[in-house]
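Please read the structure below before turning to the comments.
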Number of protein chains: 2
Amino acid sequence: MPVAKGSSLDPARTRAEMLRAASLVFYQRGLDGVGIAELCASVGASKETLYRHFGSKDGLIEAVLQARSDRVNAWIRAAAEAAGDDAVARLTAVFGVLGQWYSEPDFRGCAIVNAATQRHVEPARTIVARHLDRYLELFTEIATTAGVADPARVGRQLLMLLEGATVLADHHGLGQAAAEDALAAGLLLLKG
Amino acid sequence: MPVAKGSSLDPARTRAEMLRAASLVFYQRGLDGVGIAELCASVGASKETLYRHFGSKDGLIEAVLQARSDRVNAWIRAAAEAAGDDAVARLTAVFGVLGQWYSEPDFRGCAIVNAATQRHVEPARTIVARHLDRYLELFTEIATTAGVADPARVGRQLLMLLEGATVLADHHGLGQAAAEDALAAGLLLLKG
DNA sequence: TCTTCATCGAACCGATCGGTACGATGATGA
DNA sequence: TCATCATCGTACCGATCGGTTCGATGAAGA
């Protein structure tokens with residue numbers, strides 16, 4: 001049998017699959033660019049199931065953004081920690097994975113920042129603020145390790161380079177080159 | 001009499017007023033966040049007039065973005081040129097006006113970049129690309145004047161700082177401080 | 001076996017949207 | 001004076017949207 005009619009699989013599995021599909025399509029076409037009905041059809045679920053899991057479209061969006069923020073943060077953190085304790089090596093590793101990301105054919109900028117741009121409402125603004133805070137924490141650590149005079153400021157400046165590089169990679173076709181330029185500027189900041 | 005019923009004023013004046021109102025409300029609430037009917041009501045015009053001037057909502061959006069890009073470019077250029085020929089003074093002037101902008105209570109990031117994020121279609125992407133090109137031209141000029149080794153790269157890095165500072169000012173409540181941090185980093189880049 | 005529960009699929013709802021059509025109104029220029 | 005034109009206001013259209021409801025179906029646990 002292809003798909004069961006009743007309770008098909010693990011409910012948690014269904015929920016995760018919805019999150020995955022929604023994350024992809026929201027990122028590619030925007031939060032208002034895809035409807036609930038189409039989204040449900042794409043994962044073979046019914047609206048009722050979606051609304052039981054997420055309550056509303058905004059609830060789904062919030063869950064999507066939170067999951068994506070967690071995933072990106074883990075990804076960047078892992079790259080930094082795999083590079084060891086040296087500040088230069090860690091920063092190089094971070095912009096290295098960013099460069100990979102920028103080069104993906106479906107890259108469309110930062111999904112969390114993009115979403116907050118489309119929905120000027122509290123939940124989205126809160127999630128993007130926390131997302132940036134986690135970046136900031138990492139960059140401030142790196143700046144501290146590098147022994148710069150004002151690690152907090154250098155952390156903010158590194159974060160600006162990251163976000164700026166993301167915008168240029170998206171809207172100016174720079175791709176990997178954006179990450180390289182940003183890294184070069186970041187290394188200069190670390191040297192003081 | 002409050003408002004005339006027939007051809008009220010200069011048609012060009014009506015068009016400009018529509019552009020102004022649309023620019024504001026699209027910026028504050030997003031392209032999909034405001035409908036044509038409400039927009040027309042807010043300027044006391046009829047839908048027929050709007051569609052005669054702009055053809056479609058997308059046509060209106062395109063005109064709004066183009067006008068805003070021109071206005072921002074002129075604003076930044078004027079600030080740079082008023083600062084004289086010195087590279088440091090010019091860069092300081094540019095981030096000075098950016099800091100003012102970031103401090104405005106209704107600041108919501110770069111309207112052109114935001115719009116391109118909401119509409120992944122060609123016209124918007126083209127306008128944002130040209131918008132960034134004009135920034136890049138200015139920053140490359142400044143880098144050249146400063147005598148850095150690779151003015152094109154430094155120009156891109158300065159643009160990243162601008163876009164990154166814009167994102168942080170919007171989503172992290174940094175306001176003017178974002179411009180100051182970005183300027184400090186930019187000055188370091190100009191020194192090589 | 002019987003009950004409970006998650007699920008599907010489809011119908012349905014009210015609201016809103018972008019866009020069009022039309023009659024009435026008044027300003028402009030011949 | 002008369003025709004032209006831009007405009008308003010309103011009604012209307014088809015489509016789409018987020019969200020709800022309901023009967024049928026089947027899996028899991030008592």
Side-chain angles (χ1 to χ4, degrees), chain A residues 1-23 25-26 28-65 115 118-121 123-124, chain B residues 1-23 25-26 28-65 115 118-121 123-124:
Chain A
M1 67 221 117
V3 174
K5 192 66 171 306
S7 106
S8 57
L9 296 130
D10 193 350
R13 185 80 64 180
T14 300
R15 189 191 139 102
E17 177 63 18
M18 281 181 170
L19 266 184
R20 193 199 58 82
S23 188
V25 72
F26 282 152
Q28 290 299 320
R29 293 158 49 191
L31 303 182
D32 291 325
V34 55
I36 292 292
E38 177 190 345
L39 184 55
C40 288
S42 77
V43 298
S46 73
K47 284 184 170 190
E48 187 173 349
T49 302
L50 186 147
Y51 279 95
R52 186 158 10 82
H53 279 311
F54 302 102
S56 68
K57 184 173 185 178
D58 282 348
L60 170 64
I61 290 171
E62 198 176 328
V64 163
L65 294 183
Q118 295 169 61
R119 290 274 214 277
H120 297 161
V121 294
Chain B
M1 66 231 114
V3 175
K5 196 65 171 306
S7 105
S8 56
L9 295 132
D10 192 350
R13 185 81 63 181
T14 299
R15 191 191 137 102
E17 177 64 16
M18 281 181 169
L19 267 184
R20 193 199 59 82
S23 189
V25 71
F26 282 152
Q28 290 299 321
R29 292 160 48 192
L31 304 181
D32 290 326
V34 55
I36 293 292
E38 176 189 345
L39 184 54
C40 288
S42 78
V43 298
S46 72
K47 284 185 171 189
E48 188 173 346
T49 301
L50 186 146
Y51 278 95
R52 186 159 8 83
H53 279 312
F54 301 102
S56 67
K57 184 174 185 178
D58 282 348
L60 171 64
I61 289 172
E62 198 176 326
V64 162
L65 294 184
Q118 295 169 61
R119 289 275 214 276
H120 298 161
V121 293

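Chain naming here is simple, since letters A, B, ... match the order of the sequence lines and numbering starts at 1 in each.
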Worksheet item: Are A:L60 and A:H53 close enough that some pair of their side-chain heavy atoms sits under 4.5 Å apart?
Response: no

Worksheet item: Are side-chain heavy atoms of B:F54 and B:E62 found at a separation under 4.5 Å?
Response: no

Worksheet item: Considering residues at least two apart in sequence or located in another chain, which fulfil the side-chain contact (heavy atoms from CB on, under 4.5 Å) criterion with A:A115?
Response: A:L31, A:L65

Item to complete: Nearest whole angstrom, please: distance from the C1' of C:dC5 to the NE2 of A:H53.
Response: 13 Å

Give every pair of a protein N or O atom and an N or O atom of nucleotides 18-22 of chain D that lie under 3.5 Å apart, one pair per line with the distance.
residue: D:dG18; atom: OP1; partner: A:K57; partner atom: NZ; Å: 2.3
residue: D:dG18; atom: OP2; partner: A:I36; partner atom: N; Å: 2.8
residue: D:dG19; atom: OP2; partner: A:Y51; partner atom: OH; Å: 2.9
residue: D:dG19; atom: OP2; partner: A:K57; partner atom: N; Å: 2.7
residue: D:dG19; atom: O5'; partner: A:Y51; partner atom: OH; Å: 3.4
residue: D:dG19; atom: N7; partner: A:K47; partner atom: NZ; Å: 2.8
residue: D:dG19; atom: O6; partner: A:K47; partner atom: NZ; Å: 2.3
residue: D:dC22; atom: N4; partner: A:E48; partner atom: OE1; Å: 2.4

Worksheet item: Taking C-beta and beyond as the side chain, do B:K57 and B:L50 meet within less than 4.5 Å on heavy atoms?
Response: no

Distance-only donor-acceptor pairs under 3.5 Å for side chains of residues 34-48 of chain A, two or more places apart:
residue: A:E38; atom: OE1; partner: A:R29; partner atom: NH2; Å: 3.1
residue: A:E38; atom: OE2; partner: A:R29; partner atom: NH1; Å: 2.8
residue: A:E38; atom: OE2; partner: A:R29; partner atom: NH2; Å: 3.2
residue: A:S42; atom: OG; partner: A:L39; partner atom: O; Å: 2.8
residue: A:S46; atom: OG; partner: A:T49; partner atom: N; Å: 3.4
residue: A:S46; atom: OG; partner: A:T49; partner atom: OG1; Å: 3.3

Item to complete: May I ask you to evaluate whether A:T49 reaches the phosphate of C:dC8, defined as a side-chain N or O under 4.0 Å from OP1 or OP2?
Response: yes

Discussion item. Can you tell me how far apart OG1 (A:T14) and CE (A:M18) are? Round to the nearest 0.5 Å.
Written reply: 7.0 Å

Fill in: Nucleotide C:dT20, atom P - distance to CZ of B:R52 in whole Å
13 Å

Practice prompt. Would you mind reading off the distance between A:L60 atom CG and D:dC17 atom C1', rounded to a whole angstrom?
Written response: 15 Å

Worksheet item: Between D:dT7 atom C1' and B:M18 atom CE, what is the distance in whole Å?
Response: 10 Å

